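Below is one structure, written out as structure tokens; the observations come after it.
Small disclaimer: the values here were computed from a predicted structure and weren't measured.
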Amino acid sequence: TGAIVRWIGTSTDIHDHRKAEEDLRETRTEAERQAQELDRLYQTSPAGLAFIDPDLRFVRINQTLANLNGFPVEAYIGRSLREMLSPALADRLEPVLRRVVDEGQAAMNVEMDGAPPADPGNVRHWLANYYPLKRRDGTALGVNVVVQDITERKRTEDALQRSHAFIRQIIDADPNLIFVKDTDGRFTLVNQAMADCYGTTVDELLGKSDAELTCDADDIAHFQGRDQEVIDGLRDLFIPEEVITDASGCARWLQTVKRPILNEQHKATHVLAVATDITQRRLAEEALRRSEELLRLVGVVQGPPDDHRDR
């Protein structure tokens with residue numbers, strides 16, 4: 001009659017298979033997402049980025065880094081460092097990258113300078129970090145490169161150093177004692193005349209306080225008190241005469257002007273002082289005073305002049 005009297009079938013559990021397929025899709029989706037993020041990073045990063053294989057050939061590079069050397073992105077792919085960089089720069093960079101590949105350790109804050117091949121007359125400065133990308137077995141798959149052009153920063157630093165050197169020449173040529181103290185009473189700037197006075201060097205004086213230069217408690221209190229007047233009063237202070245003891249143990253008379261250095265909030269952060277050595281003038285005045293006193297004593301001993309004449 002065509003009726004089914006028996007049914008025979010098989011059933012296969014495909015749960016694990018379906019789970020593996022789902023995991024694979026998720027892995028592919030995650031890999032695609034990461035690839036898209038990496039693409040965006042390479043396109044938008046202000047830093048130069050590249051990936052270099054163990055043979056030191058460019059696998060990937062962004063436009064920022066390509067522009068540093070003056071070549072298009074396409075020109076780098078598959079080519080070695082030595083093909084794309086100047087010989088001098090390649091000589092310096094290859095050993096660094098070899099160590100990253102061989103030792104699997106990052107090389108951080110590596111400063112380089114040189115002229116790009118496309119612009120040989122323009123010396124540039126770069127700060128680079130090199131990170132190894134490792135396989136599961138620990139061997140290097142390649143090196144991730146992050147490069148910043150710090151040329152302008154270096155030029156600014158060089159200009160600042162030249163400016164500091166120029167100021168140093170000026171204050172060291174001045175025979176007056178010039179110094180700056182912070183609110184803790186420590187020297188942050190001194191000139192050569194100040195260092196000579198205390199028989200030391202400029203560098204040795206920096207960071208020291210008056211208590212480290214003299215053992216006289218009265219002198220220390222005097223200097224600290226006058227500095228505090230300037231800091232609290234926010235105005236110049238003229239000291240017509242004060243005495244210090246120099247490295248040789250001799251007394252030196254100074255005429256000093258102190259001035260507050262203010263920050264943006266109009267608060268005193270330092271005290272600037274210029275002290276003129278008036279020792280010779282003070283000794284001359286003292287010698288004149290003694291000479292006049294001696295003349296008066298002589299006059300007293302000799303008595304008044306005799307106006308009587310023999311007739």
Check: [Y] main-chain N/O paired with [X] side-chain donor or acceptor under 3.5 Å:
{"X": "Thr156", "Y": "Glu152", "answer": "yes"}
{"X": "Asn67", "Y": "Gly48", "answer": "no"}
{"X": "Asn191", "Y": "Asn176", "answer": "yes"}
{"X": "Lys208", "Y": "Glu204", "answer": "yes"}

Determine whether [X] and [Y] make a side-chain contact, defined as any pair of heavy atoms from C-beta on separated by less than 4.5 Å.
{"X": "Phe71", "Y": "Ile61", "value": "no"}
{"X": "Arg153", "Y": "Gln148", "value": "no"}
{"X": "Val271", "Y": "Arg226", "value": "no"}
{"X": "Gln228", "Y": "Ile231", "value": "yes"}
{"X": "Leu97", "Y": "Leu81", "value": "yes"}
{"X": "Val202", "Y": "Gln192", "value": "yes"}
{"X": "Tyr130", "Y": "Ile52", "value": "no"}
{"X": "Arg57", "Y": "Glu83", "value": "yes"}

Flag yes if [X] and [Y] sit in one hydrophobic cluster, no otherwise; membership is Ile, Leu, Val, Met, Phe, Trp, Tyr, and two members link when side-chain heavy atoms are under 4.5 Å apart.
{"X": "Val59", "Y": "Tyr131", "result": "yes"}
{"X": "Phe179", "Y": "Ile261", "result": "no"}
{"X": "Val274", "Y": "Met194", "result": "no"}
{"X": "Trp126", "Y": "Val110", "result": "yes"}
{"X": "Ile239", "Y": "Trp253", "result": "no"}

What's the spacing between [X] [atom1] and [Y] [atom2] if we round to 0.5 Å?
{"X": "Leu141", "Y": "Lys134", "atom1": "CG", "atom2": "NZ", "result": "12.5 Å"}
{"X": "Thr188", "Y": "Leu205", "atom1": "OG1", "atom2": "CG", "result": "11.5 Å"}
{"X": "Arg259", "Y": "Arg235", "atom1": "CZ", "atom2": "CZ", "result": "14.0 Å"}

Just wondering, more than 12 heavy atoms not from [X] lying within 6.0 Å of its [atom1]?
{"X": "Arg124", "atom1": "CZ", "result": "yes"}
{"X": "Arg155", "atom1": "CZ", "result": "yes"}
{"X": "Arg79", "atom1": "CZ", "result": "no"}
{"X": "Arg290", "atom1": "CZ", "result": "no"}
{"X": "Phe238", "atom1": "CZ", "result": "yes"}

Worksheet item: By salt bridge (Lys or Arg N to Asp or Glu O under 4.0 Å), which residues pair with Asp172, not counting sequence neighbours?
Response: Arg168
Using a strict threshold of under 4.0 Å (side-chain N to carboxylate O), is an ion pair present between [Y] and [X]?
{"X": "Arg186", "Y": "Glu212", "answer": "yes"}
{"X": "Lys181", "Y": "Asp210", "answer": "yes"}
{"X": "Arg282", "Y": "Glu285", "answer": "no"}
{"X": "Glu292", "Y": "Arg289", "answer": "no"}

Discussion item. Going by side-chain contact (heavy atoms from CB on, under 4.5 Å), Met112 matches just one of Val96, Leu127, Leu85. Which one?
Written reply: Val96
Response to the item:
Residue set satisfying side chain to side chain contact (heavy atoms under 4.5 Å, CB included) with Ile220, at least two apart, ordered chain then number -> Ala211, Thr214, Gln224
